[in-house]
Amino acid sequence: MTQADILIKNGIILTIDGSLDIIPCGYVAIAGDRIAAIGEGEPDIHAARVIDAEQCVIMPGLVNTHTHMTMMRGVCEDKLLMDWLEQICFPIDASLTAEDIRAGALMCQAEMLLGGTTTFIDIYRYPGAVAEVAEKTGIRAVIAPQIIDHPAGAGETYATNKTFVDEWQGRCPGRVMPWFGVHAPYSCDWKTYKDCHDAAIAHDVGIHTHLAETESEIKQMCEKFGCSPFEKLDEIGAISGRMLAAHCVHVNDRDMDIMAESGMKVAYNPSSNMKLASGVAPITEMLDRGIVVGLGTDSNLSNNNVDMFEEMRVGAMLQKLATGDARALSAETVIRMATIEGAKCLGLEREIGSLRVGKKADIILVDMGKPHLWPMFTGGMPENIIAHLVYSASAQDVRTTIVDGRVLVDEQQLVNYDLRVLFAYVQKTAADLYNRAKPQTI
Ligand SMILES: [Zn+2]
């Protein structure tokens with residue numbers, strides 16, 4: 001090829017395509033929304049825009065496999081999970097309007113883009129508002145409404161979910177994708193799981209949920225139904241490779257057998273699990289069984305940021321601590337979880353998650369020219385680039401974010417948004433919501 005729209009050159013390329021080999025100095029060319037060429041050295045390609053990636057790593061955008069477009073960051077801290085849900089989340093959720101969600105979605109998507117996340121899955125309220133925001137910001141989004149049967153009115157319903165899927169399937173194809181979403185077995189009926197799973201098959205989309213987050217929830221399930229939620233979902237025929245379940249902290253061997261046999265995917269949320277004292281998901285055992293695991297931040301209420309670099313670092317360290325084995329969840333494994341394995345969780349691995357000619361151009365540049373990311377060794381030296389990205393880097397190190405071939409963050413600035421305007425909008429909307437919802441923050 002000789003012509004491209006964007007040429008990124010002179011950078012260290014980490015493709016995450018097959019092996020984790022690194023090209024110490026190379027280029028990536030973009031034509032339209034796809035990667036047109038990847039190679040070593042200086043290419044003979046003319047492009048409308050040339051980005052010099054000196055001292056930068058060029059890598060696939062990060063994939064966040066579990067989050068909620070929430071807004072009330074930092075006002076409801078240090079509570080037990082069930083108290084937190086009942087005293088804070090549910091009153092806020094019940095008071096939400098589409099406008100609140102629009103503001104939360106704008107703030108969350110701005111934070112994600114600035115931090116190198118190019119794809120996320122959301123499960124929350126007013127999915128249409130989140131989808132409209134994603135359509136404008138340019139980020140890649142999978143959006144699952146959050147159905148809650150009990151208490152009524154705290155979430156979406158099967159009917160609103162189905163309407164949302166009908167409205168959005170095909171509206172922004174491949175970039176804003178609707179799914180089905182069921183909050184959790186303790187807040188939803190089994191029939192809702194079955195209906196959504198059947199509808200997901202009929203519409204050829206996925207289904208997102210929370211499973212086995214806390215010990216008390218599992219105890220309650222066992223007392224009520226005589227089995228684990230995995231056994232119950234298996235019994236009613238509502239678990240398959242279409243399902244992506246967040247957490248899966250309290251699971252036994254039988255549960256993991258069901259997960260592996262069904263092809264169900266898992267979103268590992270280490271920060272949220274630590275902050276809410278939920279426990280440690282047996283991720284290394286899941287990986288040994290061949291279960292696909294992605295990485296998620298969960299919402300800014302339980303994390304409190306959506307920094308996927310931090311999530312990689314915390315996720316790897318938590319597994320080492322829990323297993324007593326410093327070899328557990330290596331940097332190489334966790335960086336794949338944040339990219340290609342995350343793409344698999346969303347059924348998008350043929351389009352995103354690695355740098356390969358023909359795939360979508362979802363690319364980030366991480367600026368390594370900083371003391372905490374130095375020295376850098378490539379080619380002939382003991383390789384340390386992946387270790388730097390996992391154990392030393394943060395969202396603040398992202399210089400450029402490209403989604404679908406469009407530069408959305410340039411020199412650490414959002415291209416299409418003025419953050420000061422966004423802050424004022426979010427501030428006012430959040431204060432109004434708080435005064436309406438009156439959560440029990442004391
Ligand atoms: Zn969640």
Side-chain angles (χ1 to χ4, degrees), residues 63-74 76-77 79-90 92-93 96 101 104-105 108-109 111-112 117 119-127 130 141-150 154-156 161 179-188 192-193 196 206-218 229 243-251 264-281 283 293-308 310-311 314-315 318 342 345-346:
V63 180
N64 188 342
T65 58
H66 182 65
T67 188
H68 310 260
M69 300 281 106
T70 48
M71 186 165 55
M72 214 54 87
R73 191 196 318 254
C76 33
E77 301 297 334
K79 295 248 180 194
L80 292 173
L81 181 109
M82 282 302 162
D83 291 346
W84 177 71
L85 278 174
E86 283 165 15
Q87 296 168 14
I88 289 148
C89 296
F90 290 153
I92 288 175
D93 288 1
L96 283 170
I101 292 291
C108 292
Q109 291 177 33
E111 184 186 351
M112 283 193 277
T117 296
T119 299
F120 70 93
I121 177 164
D122 167 66
I123 174 165
Y124 205 37
R125 297 212 65 184
Y126 297 104
V130 179
V142 176
I143 297 162
Q146 181 160 274
I147 298 174
I148 294 179
D149 294 328
H150 315 287
E156 298 294 317
N161 196 150
W179 272 27
F180 284 86
V182 188
H183 178 247
Y186 56 83
S187 59
C188 292
T192 305
Y193 271 98
C196 285
I207 171 171
H208 193 25
T209 189
H210 300 83
L211 288 179
E213 186 173 0
T214 63
E215 204 169 2
S216 63
E217 161 199 339
I218 293 300
M243 179 172 275
L244 168 63
H247 306 305
C248 302
V249 172
H250 299 278
V251 294
M264 193 200 86
K265 320 289 196 302
V266 173
Y268 172 39
N269 305 285
S271 295
S272 172
N273 295 158
M274 288 167 74
K275 188 169 180 234
L276 295 170
S278 305
V280 186
I283 298 300
V293 181
L295 199 61
T297 58
D298 213 340
S299 79
N300 54 28
L301 306 184
S302 63
N303 189 324
N304 293 1
N305 62 41
V306 290
D307 180 345
M308 285 288 287
E310 186 178 292
E311 216 58 35
V314 170
L318 182 59
C345 289
L346 304 177

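Indexing begins at 1, ligand by ligand and atom by atom, following the structure's order. The shown structure was predicted, so the numbers you read here are calculated from the model rather than taken from an experiment. No hydrogens, no waters, no symmetry mates; every other heavy atom, side chains included, goes into these values.
- The salt bridge (Lys or Arg N to Asp or Glu O under 4.0 Å) check on E156 picks up R125, with sequence neighbours excluded.
- Shown here are the salt bridge (Lys or Arg N to Asp or Glu O under 4.0 Å) partners of E217, two or more places apart in sequence or in another chain: there are none.
- Between H68 and Y124, the two ring planes are perpendicular [angle over 60°; tilted spans 30° to 60°].
- Atom CD of E77 is surrounded by more than 12 heavy atoms from other residues, nucleotides or ligands within 6.0 Å.
- Geometry at the Zn ion (ligand 1): NE2/H210 and NE2/H66 form an angle of 90°, nearest 10 degrees.
- At least one N/O/S atom of H68, whether from backbone or side chain, sits less than 2.8 Å from the Zn ion (ligand 1).
- The N, O or S atom of D298 lying closest to the Zn ion (ligand 1) is OD1.
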